[in-house]
2 protein chains.
Amino acid sequence: MAMPPRKRGPRRSVDRSTVLDAALALVDSGGLQALTMRSLAAEVGLTPGALYTYFPDRAAIVSALVDALLAEADTSVLATAWPWQERITTFALGLRDVLLRHPGIVPALLGDAFRGPVALTVGERLLDALADAGLPPDEAARASYGVMVYVLGAIALEAAEIPPGAPAAPEDVRIAERRAALGHLDPSAHPRTHAAADTIAAYVSTDQFRWGLNRMLTGLRR
Amino acid sequence: MAMPPRKRGPRRSVDRSTVLDAALALVDSGGLQALTMRSLAAEVGLTPGALYTYFPDRAAIVSALVDALLAEADTSVLATAWPWQERITTFALGLRDVLLRHPGIVPALLGDAFRGPVALTVGERLLDALADAGLPPDEAARASYGVMVYVLGAIALEAAEIPPGAPAAPEDVRIAERRAALGHLDPSAHPRTHAAADTIAAYVSTDQFRWGLNRMLTGLRR
DNA sequence: ACCTGAACACCGTTCAAGT
DNA sequence: ACCTGAACACCGTTCAAGT
């Protein structure tokens, strides 16, 4: 029975990944602003100052969190022998899945992230896929950025509508809420918006995400 | 000489727009985090608590700032008789111009904004343009979101690379800096990235913004 | 209505001191 | 190396009291 002396909180043995796990839990349950050095320290059973043993500052924790989450997306699909559109679409859907399960860190993702190590390999694999699409290197690179802009933009807009703290309502509920909000609209002031309310409510659907990505890919292939 | 009694700071007479002007100046000169109730109060010559006469809380100030900036973009081009692609492209370039002049508030724009009054009219006008493109209402709506995703995504990624506080280096300088950073890259680990470094460095150019938008519009018209 | 002064309940970060 | 306890310099927000 050689249990290490367990004091106070839920601490067992602390290292960087323990801290990151606790940080993610805090962000998931209260948004980015719920991640404070004090709440995080309490979560792992430490004093706030002790966290500086593992990370230089709060920003480094957020960055590490972003990169860890990015790494959770399955990049291997980009390296399969599937048709290039399917590779890109499947990866994008997977990334969206991961990030919408943790909507609280998405603002940070756009803020400081797409230059981390994971982003680099995603970029390289994207260039592979677009080369397979028959695009010359220069055009493949431009197209690659087009894909990233669309994917990250769509995820950011969707994540922004998910209130922090809750575990993200299912898609149909989120769409229904948007549809209800669009009901309180002056039809004469915004006739086209009013007429297309059902479609607009479904902007945050997987179907719309796919549709838009497909159109983008179509345009990129020229 | 009936000057009102001028005390202390740069105060003359304070109202909501005075506060917003000062808030924007703070964000421009130090990013969103430089906008504190205390710094803002000092800027307009008030006590922090007095700001709550004009806005319910800090978040309301940020939201009002976003909407004011959005309103600065010229939406009238969307209502011209120009070809639909030109209307959308010109508006998008104008929006990008406005927002990249104030990169500090862009995170807030994506965070809470595209449902303000300005966003509504932009959406309606976008539907006009896409109807003129010959798209049926449902498809025009989906396409409209595609355009917003691309435009906001591109602006967000660009703004994220502009360090706060500085007045945003000119485009060629930003590209040169990216090019230099890409020089410190292992060519064998990321061969395609290395080979396309010049193009990748220029991701943040007006030219790339236009190119990607053009491809998106091409895809949307099918 | 508008504003001050002061307080309350927080922050991130640093640092001597201990183990 | 890792951690505590305490401090420093901040935050947003509230509220009695004044005009």
Side-chain angles (χ1 to χ4, degrees), chain A residues 3-24 26-27 29-66 104-105 107-108 111-112 164-165, chain B residues 3-24 26-27 29-66 104-105 107-108 111-112 164-165:
Chain A
M3 286 267 286
R6 176 111 94 100
K7 307 183 187 169
R8 189 174 324 201
R11 160 146 68 135
R12 194 167 282 263
S13 93
V14 179
D15 60 358
R16 280 176 60 103
S17 91
T18 317
V19 174
L20 285 183
D21 287 348
L24 183 57
L26 283 168
V27 172
S29 69
L32 212 45
Q33 62 149 313
L35 173 63
T36 71
M37 300 307 271
R38 286 172 155 88
S39 65
L40 182 54
E43 202 78 13
V44 295
L46 289 179
T47 263
L51 292 174
Y52 293 82
T53 310
Y54 303 98
F55 294 93
D57 51 31
R58 183 180 180 278
I61 297 178
V62 173
S63 284
L65 214 50
V66 166
I105 38 73
D112 76 351
Chain B
M3 286 268 285
R6 174 109 93 100
K7 306 183 188 169
R8 187 168 335 194
R11 160 146 67 134
R12 192 166 285 262
S13 93
V14 178
D15 60 358
R16 279 177 59 102
S17 92
T18 318
V19 174
L20 285 183
D21 286 349
L24 183 57
L26 283 169
V27 171
S29 68
L32 212 44
Q33 61 148 315
L35 173 62
T36 71
M37 300 305 271
R38 287 174 155 89
S39 65
L40 182 53
E43 202 76 13
V44 295
L46 290 179
T47 262
L51 292 174
Y52 293 82
T53 310
Y54 303 98
F55 295 92
D57 51 30
R58 184 182 181 276
I61 297 177
V62 174
S63 284
L65 214 50
V66 166
I105 37 75
D112 76 350

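Chain letters run A, B, ... following the sequence lines, proteins first and then strands; every chain starts at 1. Quick caveat: nothing in here was measured; it's all calculated off a predicted structure.
Atom-to-atom, CG of A:Leu26 to C1' of C:dC11 comes out at 15 Å; the value is rounded to the nearest Å. In this structure, the CG atom of B:Leu46 is 11 Å from the P atom of C:dC2, given to the nearest Å. One can place CD1 of A:Ile61 at 12 Å from C1' of C:dT13, the figure rounded to the nearest angstrom. Atoms CD (A:Gln33) and P (D:dC11) sit 17 Å apart, rounded to a whole Å. Spacing between atom OH of A:Tyr52 and atom C1' of C:dC11 amounts to 10 Å, rounded to whole angstrom units. Here the C1' atom of nucleotide D:dT14 and the CE atom of B:Met37 are 12 Å apart, to the nearest Å. Protein atom CZ of B:Arg16 is 12 Å distant from nucleotide atom P of C:dC2, rounded to whole Å. Taking atom CG of residue B:Leu51 and atom P of nucleotide D:dT14, one finds them 13 Å apart after rounding to whole Å.
Between A:Tyr54 and A:Val14, the closest heavy-atom pair is OH-O, 3.4 Å. Scanning all heavy atoms of the two residues, the minimum distance from B:Ala108 to B:Leu32 falls at CB-CD2, 4.1 Å.
When distances are taken from the side chain of B:Thr36 to each of D:dC11, C:dC3, C:dT13, the shortest belongs to D:dC11. If you check C:dG12, C:dT4, D:dT4 against the side chain of A:Thr47, the one that comes closest is D:dT4. Side-chain proximity of A:Ala50 to the nucleotides D:dT4, C:dT4, D:dT13 is greatest for D:dT4. Comparing atom distances between the A:Arg58 side chain and each of C:dC3, C:dC11, C:dT13 picks out C:dT13 as nearest.
Between the side chain of B:Thr36 and the main chain of B:Ser39, a donor-acceptor pair closer than 3.5 Å is present. Judged by distance alone, with hydrogens and angles left aside, the side-chain atoms of B:Thr18 form no donor-acceptor pair with the main-chain N or O of B:Val44 at under 3.5 Å.
Taking side-chain N and O atoms only, A:Thr53 has no distance below 4.0 Å to OP1 or OP2 of D:dA1.
Comparing A:Ser39 and A:Gly49 by the nucleotide of DNA chain C whose heavy atom lies nearest to each, the residue mapping closer to the 5' end is A:Ser39. Comparing A:Arg38 and A:Tyr54 by the nucleotide of DNA chain D that holds the closest heavy atom to each, the one mapping nearer the 5' end is A:Tyr54.
Under the Watson-Crick and G-U wobble criteria, each requiring two contacts below 3.5 Å, nucleotide D:dG5 is paired to C:dC15.
Here the separation of C:dC2 from D:dA16, taken at their C1' atoms, is 15 Å to the nearest Å.
Contact annotation: the side chain of B:Arg58 never approaches that of B:Leu40 to less than 4.5 Å [non-hydrogen atoms, C-beta and beyond].
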